[in-house]
**Q** 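I'd like to ask you about the structure that follows.
Please read these numbers as outputs of a predicted model, since none were measured by experiment. By convention in this document, chain letters (A, B, ...) are assigned in the order of the sequence lines, proteins followed by strands, and residues within each chain are numbered from 1.
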Amino acid sequence: AQTVTQSQPEMSVQEAETVTLSCTYDTSESDYYLFWYKQPPSRQMILVIRQEAYKQQNATENRFSVNFQKAAKSFSLKISDSQLGDAAMYFCAYSGNTPLVFGKGTRLSVIA
Amino acid sequence: KAGVTQTPRYLIKTRGQQVTLSCSPISGHRSVSWYQQTPGQGLQFLFEYFSETQRNKGNFPGRFSGRQFSNSRSEMNVSTLELGDSALYLCASSLRDNTDTQYFGPGTRLTVL
């Protein structure tokens with residue numbers, strides 16, 4: 001079964017600084033998709049970024065970018081120029097031939 | 001385009017009762033998935049519906065059930081509620097299948113007393 005591991009339960013970052021959230025996964029599938037979702041205190045889960053495993057190029061979305069290392073099964077999220085509104089739980093998720101599998105999440109605090 | 005909507009947003013029930021939660025997907029999305037989120041277990045997949053058929057099912061007891069209507073709206077039902085069923089229940093919709101991005105609703109907070 002596929003598993004997703006987020007080794008950092010909590011992280012903090014100064015406003016305007018850069019932070020990287022880690023995620024590793026385990027799978028025997030060759031074709032799959034990886035996601036980062038953000039869940040602010042309002043609880044609405046919001047898609048941050050999506051990566052197709054067959055694409056070597058790392059996905060980017062404005063201040064958010066990923067470092068996808070397929071061989072290492074690593075999928076980290078980099079947030080640049082952090083803003084107060086980035087404070088939330090961040091979930092890494094995997095989707096292949098099975099429904100979405102989520103990591104336990106990383107709680108990100110942004111310090112003004 | 002309107003997002004995924006879930007009703008009600010909050011529910012308080014007592015043990016032994018049953019509850020029905022509703023989810024309306026994004027227009028054009030035919031797949032609807034349900035997740036249970038708790039502090040201890042995190043996000044766990046309940047089931048997925050596509051074209052009114054259950055396509056995938058998570059590891060939950062038979063007290064948890066669902067259905068999908070011809071307009072892709074979905075409901076989930078929990079019978080004989082237990083204290084451990086207290087959770088945030090999230091619904092997500094996608095166009096077709098696991099290759100498509102899932103978009104989540106705001107969730108229904110269920111409290112079982």
**Q** Heavy-atom distance under 4.5 Å to chain A: side chain of B:Glu48, backbone, both or neither?
**A** neither
**Q** Top residue by heavy-atom pair count (under 4.5 Å) with chain A, among B:Gln102, B:Arg55, B:Gln44?
**A** B:Gln102
**Q** Looking at the rings of A:Tyr32 and A:Tyr94, which for Trp means the six-membered one, are their centres under 6.0 Å apart?
**A** yes
**Q** Below 30° counts as parallel, above 60° as perpendicular, anything between as tilted: where do the rings of B:Tyr103 and B:His29 land?
**A** tilted
**Q** Check whether the side chains of B:Thr101 and A:Arg50 place a donor and an acceptor atom closer than 3.5 Å, and report yes or no.
**A** yes
**Q** Mind checking whether A:Phe102 and B:Tyr35 have parallel, tilted or perpendicular rings, split at 30° and 60°?
**A** perpendicular
**Q** Go through the atoms of A:Asn97 and report whether side chain, backbone, both or neither lie under 4.5 Å from a heavy atom of chain B.
**A** backbone
**Q** Given that the side chain runs from C-beta out, which part of A:Phe91 has a heavy atom under 4.5 Å from chain B: side chain, backbone, both or neither?
**A** side chain
**Q** By a 4.5 Å heavy-atom criterion (distance strictly below it), what part of A:Leu47 contacts chain B: side chain, backbone, both, or neither?
**A** side chain
**Q** So for A:Glu52, is it side chain, backbone, both, or neither that comes closer than 4.5 Å to the heavy atoms of chain B?
**A** neither
**Q** Could you state the interatomic distance from CD (B:Gln37) to OH (B:Tyr89), rounded to the nearest 0.5 Å?
**A** 11.5 Å
